[in-house]
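Since we're looking at a predicted model, the values are computed, not measured.
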Amino acid sequence: MPTFTARAKRKTTESPVTACSVLRKGKTLTTVHAKGNVTRIFPPRTDSSKTAADRALTVALGSLEDSKAEDIVTIDIAGKSALADYMIVVSGRSSRHVAAIADHLLTDMKEAGLGNARVEGLETADWVLIDSGDVIIHIFRPEIREFYNIERMWSEPEIEDGTVH
């Protein structure tokens, strides 16, 4: 995974102010200040990331159950991918139901203080993807879910005795 470097340029007429302008591939991302380098760009979280992910998962599952989502499957992808800690796959009965589930989930997540999630596919509502950072939620119509079969792609492989290659 490439890392980047941010270098600061100072304006000579004003006090020294950080201005991140140049990114170079292959370097660690740092912010240069007048008094030295700072390797952390974002403020530290108040709670651990696992606790935040569990909280986001609880809010999402509660909202999905309130919206009458069907066939709710939760997949722990913390060790498999850097995308998120959990993936939830659910079905809605129709495009209208899928859109309603997504709207209700977005409202509940925002009210719980989880911020604005990124949303894709809400216009057609065949497959809506909601990325809240710690949890990724896929909301499908049943026939679309059956076609893509995302649960199988992210599930643990079934290894039978004696079939190790």
Side-chain angles (χ1 to χ4, degrees), residues 1-6 20 23-29 40-165:
M1 179 184 213
T3 55
F4 297 94
T5 299
C20 297
L23 294 179
R24 303 253 186 233
K25 189 173 182 179
K27 303 290 181 182
T28 343
L29 185 60
R40 184 181 315 159
I41 294 173
F42 301 107
R45 283 188 153 173
T46 55
D47 55 347
S48 71
S49 62
K50 185 67 175 165
T51 305
D54 290 341
R55 182 171 163 263
L57 178 67
T58 303
V59 169
L61 289 174
S63 176
L64 293 169
E65 288 185 13
D66 288 347
S67 299
K68 307 278 192 261
E70 300 174 347
D71 301 324
I72 301 172
V73 175
T74 303
I75 304 168
D76 185 358
I77 60 171
K80 299 177 187 177
S81 174
L83 296 174
D85 289 340
Y86 296 102
M87 183 178 293
I88 303 173
V89 183
V90 302
S91 295
R93 293 182 295 277
S94 64
S95 293
R96 182 174 284 184
H97 188 219
V98 167
I101 291 169
D103 286 337
H104 187 252
L105 178 61
L106 290 168
T107 303
D108 286 350
M109 292 176 82
K110 196 169 192 177
E111 287 175 358
L114 297 174
N116 292 331
R118 290 162 301 284
V119 183
E120 293 291 329
L122 195 56
E123 300 80 30
T124 58
D126 288 333
W127 174 4
V128 178
L129 173 89
I130 299 174
D131 183 359
S132 70
D134 293 324
V135 180
I136 297 174
I137 302 102
H138 297 274
I139 309 170
F140 291 100
R141 284 188 307 118
E143 52 275 1
I144 305 297
R145 181 176 180 173
E146 184 179 335
F147 178 78
Y148 286 104
N149 201 4
I150 283 192
E151 301 98 314
R152 190 172 138 249
M153 180 172 47
W154 285 97
S155 65
E156 295 288 331
E158 295 178 14
I159 299 176
E160 297 177 15
D161 293 334
T163 58
V164 178
H165 295 103

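The two atoms that bring Val135 and Leu57 nearest to each other are CG2-N, 3.8 Å, heavy atoms only. Taking both residues in full, the closest heavy atoms of Ala56 and Leu114 are given as CA-CD1, 3.8 Å, listed atom of the first, atom of the second, then distance. The minimum heavy-atom distance linking Val59 with Asp108 is given by the pair CG1-O, 4.0 Å. For Ala117 against Ser132, the heavy-atom pair with the smallest separation is CB-CA, 4.0 Å. The nearest pair of heavy atoms linking Ala125 to Ser95 is CB-O, 3.3 Å. Of all the heavy atoms in Asp134 and Ala84, the pair that sits closest is O-CB, 3.4 Å.
Of the possible donor and acceptor atoms, none in the side chain of Arg93 sits under 3.5 Å from a partner among the backbone N and O of Glu70. Side chain of Thr58 to backbone of Asp54: a donor-acceptor contact under 3.5 angstrom is found.
Note that the CE atom of Met87 and the CE atom of Met153 stand 7.0 Å from one another [nearest 0.5 Å]. Separating the CD1 atom in Ile77 from the CD1 atom in Ile136 is a distance of 5.0 Å, to the nearest 0.5 Å. Atom CD1 of residue Ile139 and atom CG of residue Leu122 lie 8.5 Å apart, to the nearest 0.5 angstrom. The line from OH of Tyr86 to CG of Leu61 is 10.0 Å long, rounded to the nearest 0.5 Å. Note: Ile101 CD1 to Leu106 CG = 12.0 Å, rounded to the nearest 0.5 Å. The structure places NE2 of His97 at 6.5 Å from OG of Ser67, a figure rounded to the nearest 0.5 Å.
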Check: Checking side chain to side chain contact (heavy atoms under 4.5 Å, CB included) for the pair Leu105/Leu64: CA distance, chi angles, key distance, verdict?
Finding: CA-CA 7 Å; Leu105 178 61; Leu64 293 169; 4.3 Å; yes
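Side chains of Glu151 and Asp71 form no contact here, defined as non-hydrogen atoms less than 4.5 Å apart.
With sequence neighbours excluded, the residues that form a salt bridge (Lys or Arg N to Asp or Glu O under 4.0 Å) with Arg118 are Asp131. Partners of Glu143 under the salt bridge (Lys or Arg N to Asp or Glu O under 4.0 Å) rule, at least two apart in sequence or in another chain, are Arg141. Scored by the side chain to side chain donor-acceptor pair (under 3.5 Å) test, His138 finds Trp127 as partners (sequence neighbours excluded).
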